[in-house]
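For this chain, numbers begin at 1 and follow the sequence in order. None of these values were measured; they are calculated from a predicted model.
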Amino acid sequence: MRSTRLRQISSAALVGANNDLIREILLRMPAKNAVRLKLVSKSWLSLISDISFIPGRNSNATSGLIIVEGGMSKPRYSYVSLDESKRTTDDEPTRYIRFFDPHAPAPLKISDSCNGLFLCYAKATAYQAIQSRLYVVNPSTHQFTTLPLPPTRQTNWKDFRLLSDPCKSPVYLVYGIELSSSDSVRNILEYSSLTGVWNLFPVDDFDLVHRRYKGAFCNGALHWVRKDGYSYRFDVNQKSTKKLPKPPLPEYWKSGTDLEYFGEYEGNLYFIAHDTGSSTLIVYELHKDCSGWFMKYSLAIRDINIQFQMGPNFQQLGYLCCSVLSFVKVKNEGPKLVMWIRNGKIISYSFKDNTFSEHCDHVQNKYGKCKAFKF
């Protein structure tokens, strides 16, 4: 009996001494339960306080979206759950993002999100003595870290992107682009949490990118789209750029205004266009070898109108009738297209079973466009 008890104690001690194993166990716990375990020991406190520690996330499925409404000077945030079993608009994820740094030089804004981490910034004006700030924020554990600023002129920065996969590594990367005076891209900026420094990589033949759409990370490369539909690919390992063809866009596609979404889903890059001629949302997928695009899915605007009874003029409103917020993977539900529609509802369409879902009905946006960040 004594030897059995000693073996049990020995096994427990071995597990307790293995930080990698403890991290894996804690990552699979609900966030609120994991945070309470900070008091167990100093080593557990260190693990849970790490900025990249995201409990409750053992997959890359999206549980919800943080919606950004209003102007950039005073953005309004709300959280919308995409989980059918958890219909909630709990404000907790956004509350911390809005107020985590009371000494910020300007209103805090979200630049990007990746697997539970958020990249935020507060941009100071030229008349303020204080510098702008760039942060990586973990709303699940209420932790944030302030990053050093890139060694370039602040007025030339654009489109910061966050790359993180806490299930694989605690290291995260931040990418951005530096524009020249003619608005072409001069350098790719790269920050690693492992080294704590920024590196600059000069690029050539990289014309003006679409200011409204962030770069998208897919298969080891960052992609940026132009207004005319062409895009650029920056290989993060080879540090090289390549121009990609544009999708076979419809005849009535308008440069810039009819681009609804540009982003990654399940290892593939997607370009979603609004064909105003046929009132259809067309989802294009990039071939794995980056040789071209093909049509993967389509959704008729009239189907949205029929489902939600938007009225006879709904289709004629163009991009004001609906706005694609995200293309996401929801656990056990397959690919979903998440949209805002004119009556303030956040809805989604499942391409797996061709059904609609309604998630909330309080997002009013008179400009027809709002932003969404995966959480």
**Study point:** Worked check of side chain to side chain contact (heavy atoms under 4.5 Å, CB included) between Ser81 and His359
**Key:** CA-CA 7 Å; Ser81 173; His359 301 284; over 6 Å; no

Any donor-acceptor pair under 3.5 Å linking the side chain of [X] with the backbone of [Y]?
| X | Y | value |
| --- | --- | --- |
| Asp159 | Ile177 | no |
| Asn138 | Gln143 | no |
| Tyr172 | Ser193 | no |
| Glu285 | His287 | no |

Report yes if some heavy atom in the side chain of [X] is under 4.5 Å from a heavy atom in the side chain of [Y]; otherwise report no.
| X | Y | answer |
| --- | --- | --- |
| Ile66 | Ser113 | no |
| Asn354 | Tyr349 | yes |
| Tyr261 | Leu281 | no |
| Trp198 | Leu189 | yes |
| Phe271 | Ile282 | no |
| Trp224 | Phe234 | yes |
| Lys242 | Asp235 | no |
| Ile272 | Leu337 | yes |

If you look at every heavy atom in [X] and [Y], which pair is closest and at what distance?
| X | Y | value |
| --- | --- | --- |
| Gly229 | Pro247 | O-CD, 3.7 Å |
| Asn219 | Gly267 | ND2-O, 2.9 Å |
| Ala216 | Arg161 | CA-NH2, 3.7 Å |
| Tyr191 | Gly196 | CE1-C, 3.4 Å |
| Leu200 | Pro151 | CD1-CG, 3.8 Å |
| Gly176 | Phe160 | CA-CD2, 3.8 Å |

Inter-residue atom distance [X].[atom1] - [Y].[atom2], 0.5 Å rounding:
| X | Y | atom1 | atom2 | answer |
| --- | --- | --- | --- | --- |
| Ser323 | Ile341 | OG | CD1 | 11.5 Å |
| Phe262 | Leu286 | CZ | CG | 8.0 Å |
| Tyr265 | Lys329 | OH | NZ | 7.0 Å |
| Glu260 | His274 | CD | NE2 | 6.5 Å |
| Asp101 | Leu108 | CG | CG | 6.5 Å |
| Ile347 | Leu325 | CD1 | CG | 9.5 Å |

**Study point:** Between Phe356 and Phe308, ring centroids under 6.0 Å
**Key:**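 Distance test on ring centres: under 6.0 Å, yes.
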
Check your understanding: Can the ring centroids of Phe118 and Phe375 be said to lie less than 6.0 angstrom from one another?
Key ->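 They qualify: ring centres under 6.0 Å apart.
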
Check your understanding: Should Leu82 and Lys336 be marked as a side chain to side chain contact (heavy atoms under 4.5 Å, CB included) after you check the CA-CA gap, both sets of side-chain angles, and the distance that decides it?
Key -> CA-CA 10 Å; Leu82 299 179; Lys336 277 197 167 187; over 6 Å; no

Point to revise | Stepwise side-chain hydrogen bond (donor to acceptor under 3.5 Å, both in side chains) check, Asn115 with Lys374 | key: CA-CA 8 Å; Asn115 293 324; Lys374 297 177 183 178; over 6 Å; no

Could you give the side-chain donor-acceptor pairs of residues 293-301 under 3.5 Å, partners two or more places apart or in another chain?
{"unit_1": "Trp293", "atom_1": "NE1", "unit_2": "Pro245", "atom_2": "O", "d": "2.9"}

Point to revise | Path from Tyr230 to Leu244 over hydrophobic side-chain contacts below 4.5 Å | key: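 No; tracing contacts between hydrophobic side chains, which count when under 4.5 Å, never links both residues.
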
**Study point:** Test side chain to side chain contact (heavy atoms under 4.5 Å, CB included) applied to Val203 and Lys239, step by step
**Key:** CA-CA 9 Å; Val203 293; Lys239 313 302 182 189; over 6 Å; no

Exercise for review: May I have the step-by-step check of side chain to side chain contact (heavy atoms under 4.5 Å, CB included) for Met339 and Ile304, ending in yes or no?
Suggested key: CA-CA 10 Å; Met339 297 164 281; Ile304 303 175; 3.8 Å; yes

